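The model shown is predicted, which means the values in this text are computed figures rather than measured ones. Basis for what follows: all heavy atoms, side chains included, without hydrogens, waters or symmetry-related copies.
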Amino acid sequence: CLMAVVYVSQDHAYTDYIINTSRGGVYIATRAPFVVGEKISLTFKPPNYQRPVKTTGQVVRTHSQGIGVKCMERNKDR
């Protein structure tokens, strides 16, 4: 999986790539510093979707190469 994502946390906007998805979350390749528990808003457009997915999430793990985000809710447009 390689999907562009725009996400916002603490009034800062970032553009990076989702490199892995799971049933409840995503892994974003980033070198930006985040902490576990931090809330973020994400927007991305999966293949075969007509509109971008907008969701909120929480950072559940950090690594020097990226962050794991558990998605909390998303819009229902497809």
Side-chain angles (χ1 to χ4, degrees):
C1 174
L2 184 63
M3 192 175 356
V5 61
V6 175
Y7 55 109
V8 178
S9 178
Q10 299 181 3
D11 295 326
H12 290 93
Y14 304 89
T15 302
D16 284 303
Y17 289 93
I18 293 171
I19 59 170
N20 193 358
T21 62
S22 66
R23 186 169 191 100
V26 297
Y27 186 82
I28 300 172
T30 183
R31 294 192 187 262
F34 289 91
V35 295
V36 171
E38 195 167 341
K39 304 251 193 262
I40 63 174
S41 298
L42 305 98
T43 303
F44 56 94
K45 188 174 178 296
N48 303 320
Y49 275 57
Q50 294 176 9
R51 295 184 179 161
V53 171
K54 296 179 182 181
T55 187
T56 58
Q58 184 173 18
V59 176
V60 293
R61 67 184 164 110
T62 61
H63 185 268
S64 62
Q65 301 294 310
I67 56 174
V69 179
K70 178 180 178 184
C71 295
M72 308 307 269
E73 59 183 55
R74 71 175 181 92
N75 66 3
K76 304 295 186 212
D77 294 336
R78 182 165 189 195

Item to check | From CA spacing to verdict: side-chain contact (heavy atoms from CB on, under 4.5 Å), M3, T21 | outcome: CA-CA 10 Å; M3 192 175 356; T21 62; 4.2 Å; yes
Item to check | Verdict with reasoning, T56 to C71, per side-chain contact (heavy atoms from CB on, under 4.5 Å) | outcome: CA-CA 6 Å; T56 58; C71 295; over 6 Å; no
Next on the checklist: Nearest 0.5 angstrom please: H63 NE2 to R31 CZ, how far?
Outcome noted: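 The NE2 atom of H63 sits 10.0 Å away from the CZ atom of R31.
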Item to check | Interatomic spacing from OG1 in T15 to CD1 in I28 - rounded to 0.5 Å | outcome: 10.5 Å
Next on the checklist: My understanding is that only residues two or more places apart in sequence, or in another chain, count here; which of them pass ring-ring contact (aromatic ring centres under 6.0 Å, His included) with Y14?
Outcome noted: Y7, F34
Checklist entry - With a cutoff of under 4.5 Å between side-chain heavy atoms, which Ile, Leu, Val, Met, Phe, Trp and Tyr residues group with Y17? => result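 Members besides Y17, by chain and number: L2, I19, Y27.
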Checklist entry - Which ILVMFWY residues can you reach from V60 by hopping between side chains whose heavy atoms are under 4.5 Å apart? => result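 Its cluster mates, by chain and number: none.
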List the atom pairs, with distances to 0.1 Å, where a side-chain N or O of residues 36-46 and a protein N or O form a donor-acceptor pair under 3.5 Å, not counting sequence neighbours.
| residue | atom | partner | partner atom | Å |
| --- | --- | --- | --- | --- |
| E38 | OE1 | V35 | N | 3.0 |
| E38 | OE2 | S9 | OG | 2.6 |
| K45 | NZ | Y49 | O | 2.8 |

